[in-house]
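This report refers to the structure that appears directly beneath it.
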Amino acid sequence: MPELPEVEVVRAGLAPAVTGATVASVTVFDERSLRRHPGPSEDFVARLVGRSFTSAVRRGKFLWLPLAPVSSKTQETRPEPHDSARFAPEAHRSPAFSAAPSEALVVHLGMSGQVLLREPGAPDDALTRIRIELSSPVHGILRMNFADQRVFGSMAIEDLTPTRDGQPGGYAGQLPVVEPVETSPALASRPPRSAPALIPRSVAHIARDPLDPAFDERAFFAALAKRRTGIKRALLDQSLISGIGNIYADEALWAARIHYDQQTGTLSRATARTLLAEVRHVLAKALGEGGTSFDAQYVNVNGASGYFSHSLNAYGQQGKPCPRCGRPIVREQFMNRGSHFCPHCQRLRR
DNA sequence: CCTCACACCTGGGTGC
DNA sequence: TGCACCCAGGTGTGAG
């Protein structure tokens, strides 16, 4: 499931199931899904079996499950706090976390990937490319099926490296609402916890997403001013801003009344701010509705669909009246894909 | 360095 | 029914 809201739905569904769970077995049905893994499938399996996950982290459309360091003494899984009540695990505060994860299972869903949680023995989902059987101290035995029609998605084991800005690598769950009994201004302004400042190698070049508190707005606006390209190209460039795909690009541009090929350098700072606000709004709204799904290809870890497709104003609405002005929405071929917009509300300006 | 076209893939829907 | 053709939510690479 491609864009940020859909990947976040998967991350949130996966987190409670995988956190603290140990990999019992791995079956690779299609090696093409390991395209990004640096090594043969035997290596992928060997590096995963017996390991346990510490959390589920996401930046933009990339998802990763950090692996607890291999203990030379014992394979015993440590008790960990429930995921819904914390950020990613900390590597330094408690003695139990004396060693930070140094590698992670990196998942990208591509155009059609799904991660589905199933009971053991359940019939395999169609197009399952990789099956990972987990043993969870809370949920018992679980299957994590990676299904992918077009095989643009992938799984890989990768090293984790420190983030450039020293901020958390990505989003790993809700911050706990922990109000200090005696609230001092200094304490209140400081986040109660921080995720590890680590990121998989292949994700390091991806910009933070606009829902990340550490997203660098100034750098984003500066990059827009400097670029010589259309605004939609820029929104889809994951090294500038991550998490946006074709649907939410079209939706945010419609909301901000900007033509997809408007040159980035011509946008005023105020217009760029409006656009960023609309991007955040549309992503957050879709997240609240469980993501966008048109068919069974886009589902959460239980196979259920989201509802955001009912809220689309431009994407896929060609021929229908613009919800703002009533004139028909148009679809044009752009970047080898469809661009949906209202020619009246979203005009090219020089 | 920046920008852009293209390759990588399968399966569902549509129209003849 | 069969079949050609079009469509699909993404990313990495390499040419210019």
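Hydrogens, waters and symmetry mates play no part in the numbers below; they use all other heavy atoms, side chains included. Every chain is numbered from 1, with letters handed out A, B, ... down the list of sequences.
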For the hydrophobic clusters of this structure (ILVMFWY residues joined by side-chain heavy atoms under 4.5 Å, transitively), does one cluster hold both A/Ile157 and A/Leu63?
yes
Contiguous Watson-Crick or G-U pair runs (3 or more, under 3.5 Å) in DNA chain B
B:2-8 with C:10-16, B:10-16 with C:2-8
Check the interface with nucleotides 3-7 of chain B: list each N/O to N/O pair with the protein under 3.5 Å, or write none.
| residue | atom | partner | partner atom | Å |
| --- | --- | --- | --- | --- |
| B/dT3 | OP1 | A/Arg228 | N | 2.6 |
| B/dT3 | OP2 | A/Arg227 | NE | 3.3 |
| B/dC4 | OP2 | A/Thr229 | OG1 | 2.6 |
| B/dA5 | OP2 | A/Arg233 | NH2 | 2.9 |

Take atom CG of A/Asp250 and atom P of C/dG10, then tell me their distance rounded to the nearest Å.
10 Å
Rounded to whole Å, please give me the gap between CG in A/Asp237 and C1' in C/dG12.
12 Å
Is there a side-chain polar atom (N or O) of A/Tyr315 under 4.0 Å from OP1 or OP2 of C/dG9?
yes
Output the distance between atom CZ (A/Arg143) and atom CD (A/Glu133), rounded to the nearest 0.5 Å.
5.0 Å
Which value, in whole Å, describes the distance between the P atoms of nucleotides C/dC3 and B/dC9?
25 Å
Among C/dG12, C/dG9, B/dC9, which is the nearest nucleotide to the side chain of A/Phe152?
B/dC9
Under a 4.0 Å heavy-atom cut-off, which of residues 30-39 of chain A touch DNA chain B?
A/Arg32, A/Arg35
A/Glu6/A/Lys61 salt bridge by N-O under 4.0 Å criterion
no
Short side-chain to backbone donor-acceptor contact, A/Arg280 and A/Pro210, under 3.5 Å
yes
So, is A/His108 close to the C/dG10 phosphate, meaning a side-chain N or O under 4.0 Å from OP1 or OP2?
no
So, is A/Gln149 close to the B/dG11 phosphate, meaning a side-chain N or O under 4.0 Å from OP1 or OP2?
no
Candidates A/Gln318, A/Gln333, A/Lys232 - the one meeting side-chain hydrogen bond (donor to acceptor under 3.5 Å, both in side chains) with A/Ser339:
A/Lys232
Nearest-Å distance for atom pair CG/P, residues A/Leu235 and C/dT11:
13 Å
Rounded interatomic separation in angstrom, taking CG from A/Leu287 and P from C/dG9
20 Å
Expressed in angstrom and rounded to an integer, what is the separation of A/Phe62 atom CZ from C/dG9 atom C1'?
15 Å
Starting at CE of A/Met111 and ending at P of B/dC9, how long is that distance when rounded to a whole Å?
14 Å
Run through A/Tyr315, A/Trp254, A/Phe334, A/Tyr260 and flag the one making a ring-ring contact (aromatic ring centres under 6.0 Å, His included) with A/Phe341.
A/Tyr260
Quick one: A/Glu6 CD to C/dG10 C1', roughly how many Å, whole number?
13 Å
So, does A/Asp148 use its side chain to make a donor-acceptor pair with the main chain of A/Ser154 at under 3.5 Å?
no
Between C/dT11 (C1') and A/Leu109 (CG): distance, integer Å:
13 Å
Once salt bridge (charged side-chain N to carboxylate O under 4.0 Å, His left out) is applied, do any residues pair with A/Glu103, and if so which ones, sequence neighbours excluded?
A/Arg47, A/Arg51
Tell me whether the OP1 or OP2 atom of B/dG12 has a side-chain N or O from A/Arg150 closer than 4.0 Å.
no
Counting only side-chain heavy atoms from C-beta out, which of C/dG10, C/dG9, C/dC7 sits nearest to A/Lys61?
C/dG10
Is there a donor-acceptor pair under 3.5 Å between the side chain of A/Glu278 and the backbone N or O of A/Thr274?
no
Suppose we screen for salt bridge (charged side-chain N to carboxylate O under 4.0 Å, His left out). Which residues come up paired with A/Arg208, at least two apart in sequence or across chains?
A/Asp165, A/Asp212
Sequence neighbours left out, what passes side chain to side chain contact (heavy atoms under 4.5 Å, CB included) with A/Ala197? Give chain and number order.
A/Thr163
Under 4.0 Å between a side-chain N/O of A/His205 and OP1 or OP2 of C/dG12, yes or no?
yes
State, with a plain yes or no, whether a side-chain heavy atom of A/Leu4 is found less than 4.5 Å away from one of A/Arg58.
yes
